[in-house]
Number of protein chains: 2
Amino acid sequence: MNILVCDDDKEIADAIKIYLENEGYTVFKAADGLEAIAQLDQHEIHLIIMDIMMPKMDGIKATVKIREEHQIPLIMLSAKSEDYDKILGLNIGADDYVTKPFNPLELIARVKSQLRRYTALGSMEMKQHVYKTGELILDDEQKLITVDGEPVHLTPVQYKILRLLMMNTGRVYSIEDIYEKVWNEPSFNPENTVAVHIRKIREKIEINPKEPKYLKVVWGVGYKVEKI
Amino acid sequence: MNILVCDDDKEIADAIKIYLENEGYTVFKAADGLEAIAQLDQHEIHLIIMDIMMPKMDGIKATVKIREEHQIPLIMLSAKSEDYDKILGLNIGADDYVTKPFNPLELIARVKSQLRRYTALGSMEMKQHVYKTGELILDDEQKLITVDGEPVHLTPVQYKILRLLMMNTGRVYSIEDIYEKVWNEPSFNPENTVAVHIRKIREKIEINPKEPKYLKVVWGVGYKVEKI
DNA sequence: ATCAAAAGTTAAGAATTCCTTAAGAAATTC
DNA sequence: GAATTTCTTAAGGAATTCTTAACTTTTGAT
């Protein structure tokens with residue numbers, strides 16, 4: 001997910017960038033409204049964080065301009081906490097606002113909330129949430145896995161790994177791939193963490209873990225869930 | 001789709017029949033509980049509309065009898081609107097109820113809603129207002145919750161949380177999900193609020209809160225109400 | 001074919017994270 | 001202002017995750 005942070009205060013923009021990147025988002029920056037609009041043409045942006053007070057083109061004007069062409073979720077940052085500003089911001093097309101000084105955790109929560117809402121609308125109930133291969137079924141809504149109809153309990157990490165592999169049965173994921181997707185951070189030195197988890201998953205979903213039917217290894221490459 | 005209308009009042013039964021046939025359903029009639037049971041043997045019935053007050057065998061007795069053998073969705077018609085009757089009907093195995101005098105459109109909406117539950121089709125025109133799982137019943141119209149037929153008092157927040165979970169039994173909601181839906185704002189500080197409410201709810205609806213039958217935790221993910 | 005290196009598997013315990021629970025403060029309702 | 005409800009805090013317990021290290025299989029170089 002790509003987020004555009006638009007603030008002339010370099011310090012604040014950088015701080016936000018770090019917090020968001022820490023959450024796994026890709027962050028682009030813009031120092032004013034004009035830059036922001038330019039960035040939108042260059043990158044696919046999924047959410048905008050926009051400061052109100054900026055030189056050249058302020059946040060209000062920029063928001064209006066952006067809303068003429070895009071429906072990207074937009075969170076407004078305002079130094080003042082007057083209701084006046086908030087109302088103005090929301091009327092103009094912002095989806096939410098946060099007042100400075102703000103709690104980074106709050107900003108992140110609101111970012112997630114907006115992205116959730118936005119992506120939920122696009123795929124309302126349409127998104128697939130049941131993945132099957134052979135007698136192995138994963139229901140992502142119920143967080144439920146069954147093998148031959150028998151429910152199997154997986155821990156959160158185990159679940160995430162299996163879901164990743166099952167969302168694309170047959171596709172091989174390297175250990176680095178898995179680490180990045182599941183932990184949301186580049187695999188710096190994942191000893192054999194992933195392998196251990198794989199073992200635990202096999203223990204639970206395979207009849208005979210030594211001759212796995214579903215969760216196969218591809219030597220020197222990674223792991224996959226067989227497409228059956 | 002075949003619907004059985006069971007009411008000794010011929011006028012009402014005929015009126016219902018016409019409305020339902022107008023919607024494309026095939027309607028069978030029965031004047032009392034005994035007739036209803038006889039009809040069930042002869043035709044494949046997909047939904048039952050059952051009046052409470054009837055000669056020979058009343059609706060309550062008939063419902064109990066029917067539930068011994070069938071899981072057909074059943075909507076109860078009651079002349080009285082007292083809470084007592086509603087609770088009784090639901091505990092006995094009815095899936096929904098409508099009080100006389102009723103709006104035909106409401107009845108049809110509830111019929112569709114029930115059929116949808118069992119066939120998993122269509123769109124949401126009428127939101128369901130009775131949610132059941134095991135012996136736990138939530139009636140959103142009366143804001144009433146019963147466990148084993150015993151009404152339990154929940155505070156507003158507790159009620160909202162339980163309703164959210166019961167509207168989709170089996171589905172897992174993260175703490176953030178719950179916070180957002182119940183408080184209508186994203187959660188950002190690592191609080192414990194939801195967990196405390198969950199505890200309080202368990203205290204009230206569970207026999208043994210330490211081994212909850214209904215309100216389960218899914219480790220590292222969130223909470224759900226078991227689909228029973 | 002044989003051996004060493006590389007890659008994968010497995011087990012066990014320490015470290016960490018997450019959930020539960022109780023008690024009291026703060027806020028709200030009556 | 002008393003009662004009820006909601007929120008915060010913190011300790012304790014339970015479950016999960018990670019690390020370590022020995023072991024097995026595969027690969028490929030000799």
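Here is the naming used below: chain letters follow the sequence lines, and residue numbers restart at 1 for every chain.
A salt bridge is defined here as a Lys NZ or Arg NE, NH1 or NH2 lying under 4.0 Å from an Asp or Glu carboxylate O, and Asp95(B) with Arg67(B) meets this definition.
In the 5' to 3' direction, nucleotides of DNA chain C lying under 4.0 Å from heavy atoms of chain A begin and end at dA7(C) to dA11(C).
Nucleic acid contact class of Tyr159(A) (heavy atoms, under 4.0 Å, all strands): none.
Within a 6.0 Å sphere centred on OH of Tyr159(B), heavy atoms belonging to other residues, nucleotides or ligands number more than 12. Summarising the local packing, NZ of Lys181(B) is surrounded by 12 or fewer heavy atoms from other residues, nucleotides or ligands at distances under 6.0 Å.
Taking atom CD1 of Ile201(B) as the reference point, atom C1' of dT5(D) lies 13 Å away to the nearest angstrom. We find that NZ of Lys210(B) is positioned 11 Å from C1' of dG12(D), with the value rounded to whole Å. Between Asn192(B) atom CG and dA11(D) atom P there is a gap of 14 Å when expressed in whole angstrom units.
Within the model, atoms CE of Met1(A) and CD of Glu44(A) stand 9.0 Å from one another, a figure rounded to the nearest 0.5 Å.
By the ring pair (Phe, Tyr, Trp, His ring centres under 6.0 Å) test, His197(B) pairs with Trp183(B), sequence neighbours left out. The side chain to side chain contact (heavy atoms under 4.5 Å, CB included) check on Arg199(B) picks up Glu203(B), with sequence neighbours excluded.
For the pair Val196(B) and Val218(B), nearest-nucleotide mapping onto DNA chain C gives the more 5' position to Val218(B). Mapping Glu203(A) and Val221(A) onto DNA chain C by nearest heavy atom places Val221(A) closer to the 5' end of the strand.
Across Gly220(B) and Pro156(A), no two heavy atoms sit closer than the pair CA-CG, 3.8 Å.
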Could you walk me through whether Tyr223(B) and Asp177(B) satisfy the side chain to side chain donor-acceptor pair (under 3.5 Å) test, starting with their C-alpha distance in whole Å, then the side-chain angles of each, then the deciding distance to 0.1 Å, before giving a yes or no?
CA-CA 10 Å; Tyr223(B) 297 92; Asp177(B) 285 342; over 6 Å; no

N/O to N/O distances under 3.5 Å, protein versus nucleotides 13-17 of chain D:
| from | atom 1 | to | atom 2 | distance (Å) |
| --- | --- | --- | --- | --- |
| dT16(D) | OP1 | His153(A) | NE2 | 2.9 |
| dT17(D) | OP1 | Val157(A) | N | 2.8 |
| dT17(D) | OP2 | Thr155(A) | OG1 | 2.3 |

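Recorded end-axis angle for the helix from dA1(C)-dT30(D) to dC30(C)-dG1(D) stands at 40°, based on five pairs per end and rounded to 10 degrees.
Without hydrogens or angle criteria, Lys132(B) side chain to Ala94(B) main chain gives a donor-acceptor distance under 3.5 Å.
Just one of Leu215(B), Ile161(B), Thr133(B) meets the side chain to side chain contact (heavy atoms under 4.5 Å, CB included) condition when paired with Met166(B); it is Thr133(B).
Residue pairs meeting the side chain to side chain donor-acceptor pair (under 3.5 Å) criterion with at least one member in residues 204-214 of chain B, sequence neighbours excluded, are Gln158(B)-Lys204(B).
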